[in-house]
Amino acid sequence: MTYQTCILDVMPTARCERVPPTGATKWGAIDLTSLQEDDLPLDPRTWNRSEVASWVSRRGGLPERFPMNGKALCLMNRDMFVARVPHGGHHLHQEFTRRLAKALAFQDLIDKLSKTK
């Protein structure tokens, strides 16, 4: 059995927009609208009842089955979503937990960056 070493000469073609320009000493302001998926607030914990209803209805659920704000929605487990949306509640729960995790990760990053100043 022989092993070959393969060396790839790949030129980077992607450009990261969050890298400070050459010569810059600090990052610019972060545009939060680029992180948002829709017109709802980034953090679902801050949603009011109408924002929860909007989010649910856009995903095929019945808003009247979710008469709550974002904090209450965070307390729901998968089975509670499925009880309210029998066909697709698991997908709705999965999408919500992904969105919540994104907001929590971003909040954690903001907290860490604010401590380094």
Side-chain angles (χ1 to χ4, degrees):
M1 182 182 295
T2 62
Y3 294 96
Q4 295 179 344
T5 303
C6 181
I7 299 174
L8 297 175
D9 185 19
V10 179
M11 295 294 293
T13 57
R15 182 172 179 265
C16 180
E17 296 298 325
R18 295 303 310 149
V19 174
T22 305
T25 58
K26 64 181 182 176
W27 293 79
I30 297 173
D31 180 13
L32 295 179
T33 57
S34 66
L35 298 172
Q36 284 184 258
E37 300 174 24
D38 46 32
D39 61 336
L40 297 172
L42 183 64
D43 190 343
R45 296 173 297 174
T46 65
W47 292 352
N48 59 36
R49 292 179 106 168
S50 65
E51 290 166 333
V52 169
S54 176
W55 180 80
V56 169
S57 66
R58 291 176 189 177
R59 279 139 188 92
L62 298 174
E64 58 270 13
R65 293 187 175 248
F66 294 86
M68 61 194 71
N69 62 19
K71 287 181 183 179
L73 197 62
C74 291
L75 297 174
M76 291 179 56
N77 62 29
R78 183 180 178 273
D79 293 336
M80 295 167 129
F81 273 84
V82 172
R84 287 172 171 77
V85 185
H87 301 288
H90 63 284
H91 178 70
L92 191 64
H93 177 258
Q94 182 179 22
E95 189 174 330
F96 180 76
T97 55
R98 181 196 53 79
R99 187 169 185 142
L100 179 60
K102 179 180 174 181
L104 293 172
F106 184 68
Q107 183 62 51
D108 186 48
L109 175 64
I110 295 293
D111 292 345
K112 287 179 181 176
L113 290 174
S114 65
K115 289 179 184 177
T116 61
K117 289 184 177 181

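Along the sequence shown, residues carry numbers from 1.
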* For Ser54, which residues count as a side-chain contact (heavy atoms from CB on, under 4.5 Å) partner, sequence neighbours excluded? -> Leu40, Arg58
* Shared hydrophobic cluster for Met68 and Val56 (ILVMFWY, side-chain gaps under 4.5 Å) -> yes
* Structure fact -> residues 60-75 vs salt bridge (charged side-chain N to carboxylate O under 4.0 Å, His left out), sequence neighbours excluded, gives none
* **Contact summary for His90 and Arg78, nearest pair of heavy atoms** => CB-NH2, 3.3 Å
* Given the rule in the side-chain contact (heavy atoms from CB on, under 4.5 Å) test, do Trp47 and Asn69 qualify, once you have shown the distances and angles that lead to the verdict? -> CA-CA 6 Å; Trp47 292 352; Asn69 62 19; 6.0 Å; no
* **Smallest separation among heavy atoms of Val52 and Gly70, with atom names** => CG2-N, 3.6 Å
* Structure fact -> CZ (Phe96) and CE (Met76) are apart, to the nearest 0.5 Å, by 9.0 Å
* Asked: Partners of Gln107 by side-chain hydrogen bond (donor to acceptor under 3.5 Å, both in side chains), sequence neighbours excluded?
  -> Asp111
* If a pair satisfies salt bridge (charged side-chain N to carboxylate O under 4.0 Å, His left out) and one of its residues is in residues 80-96, list it, with sequence neighbours excluded. => Arg59-Glu95
* Asked: Which heavy atom in Met80 sits nearest to a heavy atom in Leu75, and how many Å separate them?
  -> SD-O, 4.2 Å
* Structure fact -> Across all chains, not counting sequence neighbours, the salt bridge (charged side-chain N to carboxylate O under 4.0 Å, His left out) partners of Asp43 are Arg45
* Got a second to check how far Trp55's CH2 is from Asp39's CG, nearest 0.5 Å? -> 14.0 Å
* Going from CG on Leu92 to CG on Leu73, what distance comes out if it is rounded to the nearest 0.5 angstrom? -> 7.5 Å
* **Partner set under salt bridge (charged side-chain N to carboxylate O under 4.0 Å, His left out) for Asp108, not counting sequence neighbours** => Lys112
